[in-house]
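In what follows, a structure is listed as C-alpha cells, so that the remarks can point back to it.
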Protein chains: 2
Amino acid sequence: MPAAQTSTRDRIVVAAARLIQRQGYVGTGIKQIAKEAEATLGSVYHFFPGGKEAVAVAAMEYGREEFAAVLRTALDSEDDPAAAVEACARVLATELRASGWTDGCPVTAAALETLGTDNEIQRACATALSAWQAQVADKLLRCGLPAQDAHNLAVTVINTLEGAEVTAQVNRDDTPLLLAGRHLSRLVASYR
Amino acid sequence: MPAAQTSTRDRIVVAAARLIQRQGYVGTGIKQIAKEAEATLGSVYHFFPGGKEAVAVAAMEYGREEFAAVLRTALDSEDDPAAAVEACARVLATELRASGWTDGCPVTAAALETLGTDNEIQRACATALSAWQAQVADKLLRCGLPAQDAHNLAVTVINTLEGAEVTAQVNRDDTPLLLAGRHLSRLVASYR
DNA sequence: CCCCCTCTAGAACGAACGCTCTATCCAGAG
DNA sequence: CTCTGGATAGAGCGTTCGTTCTAGAGGGGG
C-alpha cells in the first residue's frame, strides 16, 4: 500500500490528469498512468471499467475543477474587471513557468486528438471550456457589464488565454501570456 | 503508380500534414500516412530516412506555408487593419466549417504532444507561429501602427485565433471565431 | 547489351499498446 | 472462527507501433 493518505482512485485520476496534460491522450498509456499513480493495472480497471476513455474523462473533470479554482482566485483578487482578467493571465504565466513550461491547459491536447471521434472526452472538454467561460462571464456581469457583452467577452478571454498559453509553452517564454493579459484588459475596459 | 501528377514525396507530406492536423502526431501512424498518400512504407523511409519525426517536420513546414497563404489573402483583402484582422477570423471560420470542423491549426496538436521532448517538431511549430505573427505584424506596420504595438498585437491576434479555433472545433460552432474577429478588430482599432 | 541508381514493395522484428483474465490479499460481517 | 466481496497484483492475449531489411521494377548511360 504505497503512497498512502490519498485513495488509489484519486491517485489514478490525478496522475492521469497530469500525464494527459503533458503528453496528450494518445501519448499516455494506461500502464504509465498506473505506474505514476503507484497503482496496478488491476486497480485501474477495477475503478474504471470503461477503460482508458473513462480514466481520461475523470481526469478532464479533475483538470476542469483544478483550473477553475485557479481562475476563481485570480478573478477574485481584483475588483476591476479589466484588472481581474489581467490577473488571470499573470497567474497562468507564473504557474506555467514554475512547471517548466509543461503544465498548460489540461484539456486542449486531449480535445484536439479526439476531434473526429464524437466521444465522452470531447464532451468533457467542451464542458470544461464552458465552465471557465461562465466564471469569467459571471465576474464581468457582477462588475456591471451588459449581459451580452459579458458573455461574448468571456468566450474570447478564455480563448485568448488558451492560445497564449500554447505559444508560451512552445517558446518557453511567458511573454505571450503577459501580452494577452494586457490586451484583454484593454479590451474589457473598452466595454465599460 | 497511382495518383499520378504529384510526386510521391509531395503526396506523403500532404497526407501527413492533413492526418497530423486532425489526429495529432502520436495518433498518426507511419503506415497510415503511407496508405493515405498511396505510397508504400519503403517510399516513406526512402524520402525521409529520419523516420516519423522527419515526416512530421516536413508536414509542419507544409502546414505553415498553407496557413500563411490563407492569412496573406485575408490580410490583403482589406485596407483597414482592424477589418483585415476580422477578415482572418471570418476566413478561418468558413474553412473550418467547410472541413466539418476537423481541419484546425496544423501545428497546435503536434506542438502540445511533443512539449517536453526538445525536438525538431517543437522547433518547426515555433517557427510556424513566428512566421504567422510576422505576417500580421507586417500588415499592422504597413497600416501605420507604432512598431512596438504592431508586434505585440500580432502575437495576441494569432494566439486568440488559435484559441478560438480550438473552441470552435470542440463545440462544432464557429461563433468563437467570429467573436474573436470582432474583439480583435476592436482591439486593433483602439491602437490607431 | 548490361550496369547502376533511384524508387517501389512489403515481409519481418522487437517493443509497446489496451484490455482480459485468474489469483491473492485482507478487513469486516455473521 | 469462516465467509465474502472490494481491492490489488501482474501474466498474457491479440494487435499495432516505428523501424529495418531484402528484393525487385524501371529507365538512362556506358
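The analysis underlying the following values was restricted to heavy atoms, covering all of them including side chains, and did not include hydrogens, waters or symmetry mates. Fair warning: this is a prediction, and the values are worked out from it, not measured in the lab.
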d(NZ, A:Lys35; P, D:dA9) in whole Å | 15 Å
Which pairs would a plain distance check flag for residues 140-149 of chain A, meaning a side-chain donor or acceptor within less than 3.5 Å of a matching protein atom at least two apart in sequence or in another chain?
residue: A:Arg142; atom: NE; partner: A:Asp138; partner atom: OD2; Å: 3.1
residue: A:Arg142; atom: NH2; partner: A:Asp138; partner atom: OD2; Å: 3.3

Please figure out whether A:Val26 or A:Gly42 has its closest DNA chain C nucleotide nearer the 5' end.
-> A:Val26
With B:Ala83 via side chain to side chain contact (heavy atoms under 4.5 Å, CB included) - residues at least two apart | B:Glu78, B:Asp80
In residues 43-60 of chain A, which residues come under 4.0 Å of DNA chain D by heavy atom?
-> A:Ser43, A:His46, A:Phe47
Relative to each other, are the rings of B:Phe67 and B:Trp132 parallel, tilted or perpendicular (30° and 60° limits)?
-> tilted
What residues, two or more places apart in sequence or in another chain, satisfy salt bridge (charged side-chain N to carboxylate O under 4.0 Å, His left out) together with A:Arg123?
-> A:Glu120
Side chain to side chain contact (heavy atoms under 4.5 Å, CB included) against A:Arg18, all qualifying residues, sequence neighbours excluded | A:Gln21, A:Arg22, A:Glu66, A:Asp103
B:Gln23: what forms a side chain to side chain contact (heavy atoms under 4.5 Å, CB included) with it, not counting sequence neighbours?
-> B:Leu19, B:Thr28, B:Gln32
Between D:dC17 atom P and B:Leu41 atom CG, what is the distance in whole Å?
-> 11 Å
CD of A:Glu38 versus C1' of D:dA9: gap in Å, rounded?
-> 15 Å
Hits for side chain to side chain contact (heavy atoms under 4.5 Å, CB included) against B:Leu178, two or more places apart or cross-chain, chain-then-number order -> B:Arg90, B:Ala93, B:Asp174
Keeping to residues at least two apart or across chains, list the side-chain hydrogen bond (donor to acceptor under 3.5 Å, both in side chains) pairs with something in residues 43-62 of chain B.
-> B:Thr40-B:Ser43
OP1 or OP2 of D:dT8 sitting under 4.0 Å from any side-chain N/O of A:Thr8?
-> yes
In whole angstroms, how far is the P atom of C:dC19 from the CD atom of A:Gln32?
-> 15 Å
Taking only the side-chain heavy atoms of B:Thr40 (C-beta and beyond), determine which of C:dG10, C:dC17, C:dT20 contains the nearest atom.
-> C:dG10
Which part of the nucleic acid does A:Ile30 contact within heavy-atom distance under 4.0 Å: base, sugar-phosphate only, or nothing?
-> sugar-phosphate
Atom CD of A:Gln23 and atom C1' of C:dA16: how far apart are they, to the nearest Å?
-> 14 Å
Evaluate the criterion side-chain contact (heavy atoms from CB on, under 4.5 Å) for residue pair B:Ile158 and A:Thr167; output intermediate values, then yes/no.
-> CA-CA 9 Å; B:Ile158 295 296; A:Thr167 300; 5.7 Å; no
Pairing annotation in dot-bracket form, given for DNA chain C with Watson-Crick or G-U pairs under 3.5 Å and | for cross-strand partners | ...|||||||||||||||||||||||||||
